[in-house]
S.K.: 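Take this structure, written in structure tokens, and hold onto it; I'll ask about it next.
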Amino acid sequence: RTCFKVLHDQRGLSIHFMLDIDGTIYQTLDVKERAWHATSSNHRSVGIEIANMGSYKVGGKNPFDRWYARDTDGRTRITIPSANGDGGVRTPNFVGRPLRNEPVIGPVQGETQMMYDLTPQQYDSLIKLTAALCTVLPKITPDYPKDDQGTLITHQLPKEQLATYAGVLGHYHVQDDKSDPGPALNWELLMSNVRRAMKHPPRIDQTIISEPRGWMEKSGEGWAGEWETDLPTAKLAAPKAPEVASTPNTTPEKAAGAK
């Protein structure tokens, strides 16, 4: 609720999807509609806003001491300040924990930043949502921006590259004054599971989970499955529009993304 209020009522912006800490997905626009969230990419993107306290310069001020705490067993949990009530989280008595216990440090726009990871529930929902978008909007490829060595690009893409990019990307790939989704988002975990989900849609007895690495299948005997590789986060994009009519305020979307 607060996210929508800030975006829509205070900043005059809009977004297609919002993802809360318990994995709840809120849709505020049809994907055929243009949202105002990504400047030059508004006309060709689907936006996903992810609830997180964001990333901050290492050594600078941050709000982590108010939003995160350690249990007696050393595990990190999200502590919504009392002034925010329950934060609007739909799951009763939900205890949110970042996927990785410690803050993740990494480069964003050439600056070393730190942030806490998303919750497992957010990864689970983000995998499913991204897989669905890549399936129904097939010009969005299930991949993220990489350099010639195959490493995640962590800064704004050159205009020419952005104009033809077709895949999942972050807000910081679109604008040089943005840092979301920050250094913590595990791009490879996300996209490898998205590709699996597109190839093997979950059955009623199957689910995708966001453990540090992998796709797991739930059976009557517990979890079994295959572990993936390693590390680092998302807004989606694609080259040419589908052959359908559009109006100034409704456009076929070619891209999607997470912030």
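Sequence positions, counted from 1, serve as the residue numbers for this chain.
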S.K.: Is it the case that Ser45 and His37 place a side-chain donor and acceptor less than 3.5 Å from each other?
M.R.: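 Result is yes, a qualifying pair exists.
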S.K.: More than 12 heavy atoms of other residues, nucleotides or ligands under 6.0 Å from CZ of Arg90: is that the case?
M.R.: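 Open: at most 12 neighbouring heavy atoms sit under 6.0 Å from CZ of Arg90.
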S.K.: Check for a donor-acceptor pair, side chain of Ser125 on one end and backbone N or O of Thr24 on the other, with a separation under 3.5 Å.
M.R.: no
S.K.: Looking only at heavy atoms, which two atoms of Gly182 and Ser55 are closest? And how far apart?
M.R.: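 Of all heavy-atom pairs spanning Gly182 and Ser55, the closest is CA-OG, 4.0 Å.
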S.K.: Say whether, by atom type as modelled, one donor and one acceptor occur between the side chain of His16 and the main chain of Gly47 under 3.5 angstrom.
M.R.: yes
S.K.: Report, as yes or no, whether the 6.0 Å neighbourhood of atom CG on Asp148 holds more than 12 heavy atoms from other residues, nucleotides or ligands.
M.R.: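 Not more than 12 within 6.0 Å, no.
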S.K.: Does any N or O in the side chain of Gln122 come within less than 3.5 Å of the main-chain N or O of Thr119, such that one atom is a donor and the other an acceptor?
M.R.: yes
S.K.: Which value, rounded to the nearest 0.5 Å, describes the distance between Ser82 atom OG and Ile80 atom CD1?
M.R.: 11.0 Å
S.K.: Counting distance only, does the side-chain N/O of Thr76 pair as donor-acceptor with the main-chain N or O of Ala69 below 3.5 Å?
M.R.: no
S.K.: Determine whether a donor-acceptor pair (N or O, by modelled atom type, separation under 3.5 Å) exists between the side chain of Glu49 and the backbone of Met18.
M.R.: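 Absent.
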S.K.: Do you know the tightest heavy-atom contact between Phe17 and Ile25?
M.R.: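 Closest heavy-atom pair between Phe17 and Ile25: CD2-CG2, 3.8 Å.
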S.K.: Does either side chain, that of Glu111 or that of Gln113, offer a donor lying less than 3.5 Å from an acceptor on the other one?
M.R.: yes
S.K.: State whether the side chain of Asn193 and the backbone N or O of Leu190 hold a donor-acceptor pair below 3.5 Å, judged by distance alone.
M.R.: no
S.K.: Under 4.0 Å between a Lys/Arg side-chain N and an Asp/Glu carboxylate O for Glu102 and Arg75?
M.R.: no
S.K.: Do Tyr123 and Asn186 pass the side-chain contact (heavy atoms from CB on, under 4.5 Å) test, and can you show the C-alpha distance, the side-chain angles, and the key distance before you say yes or no?
M.R.: CA-CA 9 Å; Tyr123 273 110; Asn186 189 330; 3.5 Å; yes
S.K.: Pro142 and Arg195: which non-hydrogen atoms are nearest, and at how many Å?
M.R.: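 Scanning both residues completely, I find the closest heavy atoms to be O-NH1, 2.7 Å.
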S.K.: Output, in order, the C-alpha distance, side-chain angles, deciding distance and verdict of side-chain contact (heavy atoms from CB on, under 4.5 Å) for Leu189 and Leu99.
M.R.: CA-CA 12 Å; Leu189 170 68; Leu99 184 61; 3.8 Å; yes
S.K.: Parallel, tilted or perpendicular: which one describes the rings of Phe64 and Tyr116, with boundaries at 30° and 60°?
M.R.: perpendicular
S.K.: Measure from the side-chain N and O atoms of Asp20 to the backbone N and O of Gly23, and report whether any donor-acceptor pair falls under 3.5 Å.
M.R.: no
S.K.: How many angstroms lie between atom CG of Leu162 and atom OG of Ser41, to the nearest 0.5 angstrom?
M.R.: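 Leu162 CG to Ser41 OG: 4.0 Å, rounded to 0.5 Å.
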S.K.: Which heavy atom in Arg77 sits nearest to a heavy atom in Val95, and how many Å separate them?
M.R.: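 Nearest pair, atom of Arg77 first, then Val95: CB-CG1, 4.2 Å.
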S.K.: Drop me the distance from Lys61's NZ to Tyr56's OH, to the nearest 0.5 angstrom.
M.R.: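 That separation rounds to 12.5 Å.
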S.K.: Nearest 0.5 angstrom please: Gln27 CD to Ile48 CD1, how far?
M.R.: 10.5 Å
S.K.: To the nearest 0.5 Å, tell me how far Arg97 CZ sits from Tyr68 OH.
M.R.: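 Going from CZ on Arg97 over to OH on Tyr68, the span is 13.0 Å.
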S.K.: Determine whether Lys57 and Thr112 make a side-chain contact, defined as any pair of heavy atoms from C-beta on separated by less than 4.5 Å.
M.R.: no
S.K.: Given Lys146 and Asp143, is the salt bridge (charged side-chain N to carboxylate O under 4.0 Å, His left out) satisfied, shown in steps?
M.R.: CA-CA 9 Å; Lys146 301 172 185 174; Asp143 207 350; 3.2 Å; yes
S.K.: What distance separates Asp177 CG from Gln109 CD, expressed to the nearest 0.5 Å?
M.R.: 8.0 Å
S.K.: Between Ile140, Thr141, Leu129, which is the residue that forms a side-chain contact (heavy atoms from CB on, under 4.5 Å) with Cys134?
M.R.: Ile140
S.K.: Any side-chain heavy atom of Val168 within less than 4.5 Å of one from Thr130?
M.R.: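 Val168 vs Thr130: side chains touch.
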S.K.: Give the minimum heavy-atom separation between Met115 and Gly54, together with the two atoms involved.
M.R.: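 Here Met115 and Gly54 meet closest at CB-O, 3.2 Å.
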S.K.: What is the minimum heavy-atom distance between Asn101 and Arg70, and which atoms define it?
M.R.: ND2-NH1, 3.7 Å
S.K.: Does Asp147 use its side chain to pair, donor to acceptor, with the backbone of Ile153 at less than 3.5 Å?
M.R.: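 No; zero donor-acceptor contacts below 3.5 Å.
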